[in-house]
Asker: 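I have a structure I would like to understand better, so I am pasting it below and will then ask my questions one at a time.
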Amino acid sequence: MPELAEVVYYCNQWLPAVGRTVAAVRLHPRARVFRDADPETIASALPERKLLTADTHGKGMRFLFSGGLHLGVHLGMAGRLFTAPLPYQPDKHDHLVLELEGRAAPGVLVFSDYRMFGRIRLHEGAEAPPWWRDLPPEPQDRGFTRARFEKILDRRSRAPLKAVLLDQACFPGFGNWMADEALWRARLFPGLRAAEARKEERARLYRDLRKVARDALRVIAPEWTAPPANWLFPHRWKDGGSCPRDRAPLERETIGGRTTCYCPVCQPPIA
DNA sequence: CCCCATGTTCGACA
DNA sequence: GTGTCGAACATGGG
């Protein structure tokens, strides 16, 4: 479920706990979300630590606690973060619950993920963890230059554009719907190979994918407002959905290994 | 029972 | 090395 802006939204859910100290940890030690972490260490290291900062990069999150303790969270397909008052009775899909000291709201921080494609990591040390170091610029960043974009397309010349946009090392935060949205706005067939995109088409894609990232952050990150009807988003999963631009029936096809929605009229497939 | 799902990773293969 | 494909992971919904 979560892509760039949804990840920011969920990260914000834990933000009210900045400055608060963890009193106790409740977790399910055999949950798959702990496959890259030692649950015992998480349970013993977090109590008495104060949450200092919370930030996101792409689909990843990093919560920094006092004493140089870094908690990494990836939401996978169905993960979410929320807070709740005490006393809190964990649901069966709540894999990590942090109880906070004091009586102020929120009482607990919860990481829930019924599919368990999500992931929790822990790192202790003065330096940033390996998984939070040397991160590539996000598409909405100033540092995400046209030159960088061109290099990516040149390197992935034989891949369909859809597959390239889903590469987290190149477009951190982009997922299935953002990739489709950007290609639709740029009027490019998702199966078009990067090398086949002409100069103007590349320019459109660069402009529109950055716009999609910024629009998503504006609309979804603060309150998770429903995306407007002039985006592809609200039409893409509906059977019988039609293109908000020309009303043509939308098509769905597996491209780059994922179900891809596009408009056959304004994003004509190459024969 | 079937198929599908806003994600990642790994192995087999061209 | 590049890229594709399918499976796997685990669960729920239609």
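To find a chain, count down the sequence lines: A is the first, B the second, and so on, and within it residues start at 1.
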Asker: Is the backbone of A/A229 close enough, under 3.5 Å, to the side chain of A/H235 for a donor and an acceptor to pair up by distance?
Answerer: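 A pair under 3.5 Å: yes.
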
Asker: In whole angstroms, how far is the C1' atom of B/dT6 from the OH atom of A/Y10?
Answerer: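 Rounded to the whole Å, the gap is 10 Å.
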
Asker: I'd like to know if the side chain of A/N176 reaches the main chain of A/T259, judged simply by a donor and an acceptor atom lying under 3.5 Å from each other, with no hydrogens or angles considered.
Answerer: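 Looks like yes, one N/O pair under 3.5 Å.
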
Asker: Show me the donor-acceptor pairs, under 3.5 Å and distance only, between side chains in residues 74-86 of chain A and residues at least two apart or in other chains.
Answerer:
unit_1 : atom_1 : unit_2 : atom_2 : d
A/H74  : ND1    : A/G76  : N      : 2.9

Asker: Are OP1 or OP2 of C/dA10 and a side-chain N or O of A/K92 less than 4.0 angstrom apart?
Answerer: no

Asker: By salt bridge (charged side-chain N to carboxylate O under 4.0 Å, His left out), which residues pair with A/D246, not counting sequence neighbours?
Answerer: none

Asker: Taking atom C1' of C/dG13 as reference, at what distance in whole Å does atom CE of A/M77 sit?
Answerer: 14 Å

Asker: Per the ring pair (Phe, Tyr, Trp, His ring centres under 6.0 Å) rule, which among A/F111, A/Y10, A/W14 passes with A/F63?
Answerer: A/W14

Asker: Who pairs with A/R158 by side chain to side chain donor-acceptor pair (under 3.5 Å), at least two apart in sequence or on another chain?
Answerer: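 Partners of A/R158 under the side chain to side chain donor-acceptor pair (under 3.5 Å) test: none.
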
Asker: Linking Ile, Leu, Val, Met, Phe, Trp and Tyr by side-chain heavy atoms under 4.5 Å, what else ends up with A/W184?
Answerer: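 The other cluster members (ILVMFWY side chains, heavy atoms under 4.5 Å, direct or chained) are A/L232, A/L250.
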
Asker: Enumerate the protein-to-nucleotides 3-8 of chain C contacts in which both atoms are nitrogen or oxygen and the separation is below 3.5 Å.
Answerer:
unit_1 : atom_1 : unit_2 : atom_2 : d
C/dG3  : OP1    : A/R155 : O      : 3.4
C/dG3  : OP1    : A/S157 : N      : 3.4
C/dG3  : OP2    : A/R156 : NE     : 2.9
C/dT4  : OP1    : A/R193 : NH1    : 3.4

Asker: Quick one: is B/dT8 close enough that its OP1 or OP2 comes under 4.0 Å of any side-chain N or O from A/H74?
Answerer: yes

Asker: Rounded to whole angstrom units, what separation is found between the CH2 atom of A/W231 and the P atom of B/dT6?
Answerer: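 Rounded to the whole Å, the gap is 18 Å.
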
Asker: Given A/D141 and A/R148, is the salt bridge (charged side-chain N to carboxylate O under 4.0 Å, His left out) satisfied, shown in steps?
Answerer: CA-CA 12 Å; A/D141 289 346; A/R148 179 184 175 81; over 6 Å; no

Asker: Go through the structure and list residues passing side chain to side chain donor-acceptor pair (under 3.5 Å) with A/R202, not counting sequence neighbours.
Answerer: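 Counting only residues at least two positions away or on another chain, A/R202 forms a side chain to side chain donor-acceptor pair (under 3.5 Å) with A/E150, A/D154.
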
Asker: Check this one for me: any side-chain N or O of A/K59 less than 4.0 Å away from OP1 or OP2 of B/dT8?
Answerer: yes

Asker: Kindly check if the number of other-residue, nucleotide or ligand heavy atoms within 6.0 Å of CZ (A/R133) is above 12?
Answerer: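 Yes - once you tally the heavy atoms of other residues, nucleotides and ligands closer than 6.0 Å, there are more than 12.
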
Asker: Quick one: stems involving DNA chain B, counted as three or more successive Watson-Crick or G-U pairs, both distances short of 3.5 Å.
Answerer: B:2-5 with C:11-14, B:7-14 with C:2-9

Asker: In this structure, how many angstroms lie between the P atom of B/dC4 and the CD atom of A/E253, rounded?
Answerer: 14 Å

Asker: Taking side chain to side chain donor-acceptor pair (under 3.5 Å) as the definition, give me every residue that meets it alongside A/R204, ordered by chain and number, with sequence neighbours left out.
Answerer: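 Scan of A/R204 (side chain to side chain donor-acceptor pair (under 3.5 Å), adjacent residues dropped) gives none.
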
Asker: Rounding to an integer number of Å, can you tell me how far A/D239 CG sits from C/dG14 P?
Answerer: 14 Å

Asker: Hey, does the side chain of A/Q168 reach the backbone of A/G173 with a donor-acceptor pair shorter than 3.5 angstrom?
Answerer: yes

Asker: How far does the P atom of C/dG6 sit from the matching atom of B/dC4, given to the nearest Å?
Answerer: 12 Å

Asker: Is a side-chain N or O of A/D180 found less than 3.5 angstrom from the main chain of A/C261, in a donor-acceptor match?
Answerer: yes

Asker: In whole Å, what is the span from the CG atom of A/D91 to the P atom of C/dT11?
Answerer: 12 Å

Asker: Go through residues 113-122 of chain A and report each residue with a non-hydrogen atom lying under 4.0 Å from DNA chain B, sorted by number.
Answerer: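 Per residue number, the list reads A/R115, A/F117, A/R119.
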
Asker: Got a sec, which residues hit side chain to side chain donor-acceptor pair (under 3.5 Å) with A/R26, two or more places apart in sequence or on another chain?
Answerer: A/E99

Asker: Kindly say whether A/A104 contributes a backbone atom to a donor-acceptor pair with the side chain of A/R20 at under 3.5 angstrom?
Answerer: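 Side chain of A/R20 to backbone of A/A104: a pair is present.
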
Asker: Are there over 12 heavy-atom neighbours, none belonging to A/E101, within less than 6.0 Å of that residue's CD?
Answerer: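 For A/E101, atom CD is crowded (more than 12 foreign heavy atoms under 6.0 Å).
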
Asker: Can you check the A/L75 CG to C/dA10 P distance for me, whole Å?
Answerer: 18 Å

Asker: Sticking with atom P, work out how far B/dC2 lies from C/dA7, rounded to a whole angstrom.
Answerer: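 After rounding to an integer number of Å, I get 14 Å for this pair.
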
Asker: Is there a residue in residues 205-220 of chain A whose heavy atoms reach under 4.0 Å of DNA chain C, and which residues are they?
Answerer: none

Asker: Could you identify which residues of residues 167-187 of chain A place a heavy atom less than 4.0 Å from some atom of DNA chain C, listed by residue number, or say none?
Answerer: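 Hits under 4.0 Å, by residue number: none.
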
